[in-house]
There are 2 protein chains.
Amino acid sequence: MYTKKIEEDLNCGVRVAMKVFGGKWKCCILDAISQGISRPADISRVITDASPRVIEMHLAELLFFCAVEKDTDEVYPKRSEYRLTALGRTILPVIAHLEEWGQTNMEFVKDRQAVLDERMVIGMHAEMD
Amino acid sequence: MYTKKIEEDLNCGVRVAMKVFGGKWKCCILDAISQGISRPADISRVITDASPRVIEMHLAELLFFCAVEKDTDEVYPKRSEYRLTALGRTILPVIAHLEEWGQTNMEFVKDRQAVLDERMVIGMHAEMD
DNA sequence: CCCGATACCGAATCTTTTTTCGGTTATTGC
DNA sequence: GCAATAACCGAAAAAAGATTCGGTATCGGG
């Protein structure tokens with residue numbers, strides 16, 4: 001985990017939520033675990049865009065904030081199983097809400113992003129609209 | 001806006017949502033605008049922790065993705081008013097959901113964070129739990 | 001005529017987050 | 001005995017994002 005230089009304000013609900021499940025891949029990880037994909041190696045195989053390292057780090061943070069719990073077989077080959085806690089399960093509907101908004105507006109956002117990408121290639125003339 | 005080096009995947013709803021309102025202060029800005037605080041200078045006065053510059057940049061992005069619309073008086077002193085678009089209004093319930101989760105779990109998350117902060121001061125001995 | 005207000009932009013600098021890469025431990029399969 | 005697997009950690013490097021600072025423009029008050 002990181003040591004922050006700038007004091008963070010956890011008096012805002014949105015910030016608190018982002019603290020717990022705001023990492024780049026945390027929603028994907030929680031989603032995978034909720035589907036029964038419980039071992040780190042399996043999660044890595046499902047979320048191929050994320051490096052195994054970041055999945056480890058995110059799992060450690062989710063564990064620390066008690067969104068997931070771990071159960072490790074200490075004999076080798078080590079096998080860990082991650083499961084959602086009661087707290088973790090309360091996050092799922094919030095993620096579902098985010099996911100729904102994103103799915104609804106995906107095409108529009110992609111289109112706008114394409115405009116932006118094009119501008120970067122050409123050289124950023126023209127206005128923002 | 002920033003030029004990304006790593007190609008981002010906008011096929012995930014959560015990522016799409018975070019793209020549009022995932023900046024550090026975007027939820028606060030949308031909330032302020034929804035309450036009728038429409039001018040940049042006023043938003044800055046309300047969100048004192050954010051620099052005016054980042055508010056400008058976030059407003060530009062919200063504008064680009066059509067979450068807000070702008071209406072500028074081109075005579076000096078320039079006065080701009082930002083309002084939520086129909087799209088922007090659809091974000092509010094999602095933010096409310098995030099905010100609610102955060103409020104519900106604020107004390108718990110703060111407590112865990114305190115454990116982490118303490119560890120940083122002392123020097124990071126001990127396990128993660 | 002300078003100072004403050006308003007809006008906004010560019011660029012350097014910092015902080016935070018993610019990625020990459022190498023390592024540890026110990027078992028199983030060849 | 002060597003490679004593959006599993007989980008995980010540390011540290012450097014890269015990328016993303018936020019902040020700071022200075023600048024533009026123009027009006028109005030003192």
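Proteins come first, then strands; the chains are lettered A, B, ... in the order of their sequence lines, and each starts at number 1. Remember, predicted model here, so these are calculated numbers, not experimental data.
If you measure from atom CZ of A:R79 to atom C1' of C:dT27, you get 10 Å, rounded to the nearest angstrom. Atom CG of B:L63 and atom C1' of C:dA7 are 13 Å apart (whole Å).
Contact check, B:H58 against D:dA18: a side-chain N or O comes under 4.0 Å of OP1 or OP2. For D:dA6, the OP1/OP2 oxygens have no side-chain nitrogen or oxygen of A:S80 closer than 4.0 Å. For the pair B:K5 and D:dG17, the criterion of a side-chain N or O lying under 4.0 Å from OP1 or OP2 is not met.
Annotation: cation-pi geometry satisfied between B:R112 and A:F64 (NZ/CZ under 6.0 angstrom from ring centroid, within 45° of ring axis).
Place B:P52 and A:E81 on DNA chain D by their nearest nucleotides, and A:E81 ends up nearer the 5' end. Residue A:I6 is the one, among A:I6 and A:D49, whose nearest nucleotide of DNA chain C lies closer to the 5' end (criterion: closest heavy atom).
Here A:K26 lies out of heavy-atom contact (under 4.0 Å) with every strand.
Taking every heavy atom of residues 11-24 of chain A and every atom of DNA chain C, pairs under 4.0 Å involve A:G23, A:K24, by number. Annotation: proximity of residues 32-42 of chain A to DNA chain C (heavy atom, distance under 4.0 Å) is found for no residue.
Looking at A:T48, its side chain never comes within 3.5 Å of a backbone N or O of A:R45 through a donor-acceptor pair. A:E99 places a side-chain N or O within 3.5 Å of a backbone atom of B:V14 that can act as its donor or acceptor partner.
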Taking only nitrogen or oxygen atoms into account, show me every contact under 3.5 Å that the protein makes with nucleotides 10-13 of chain C, one pair per line with its distance.
unit_1	atom_1	unit_2	atom_2	d
C:dG10	N7	B:R53	NH2	2.7
C:dG10	O6	B:R53	NE	2.6

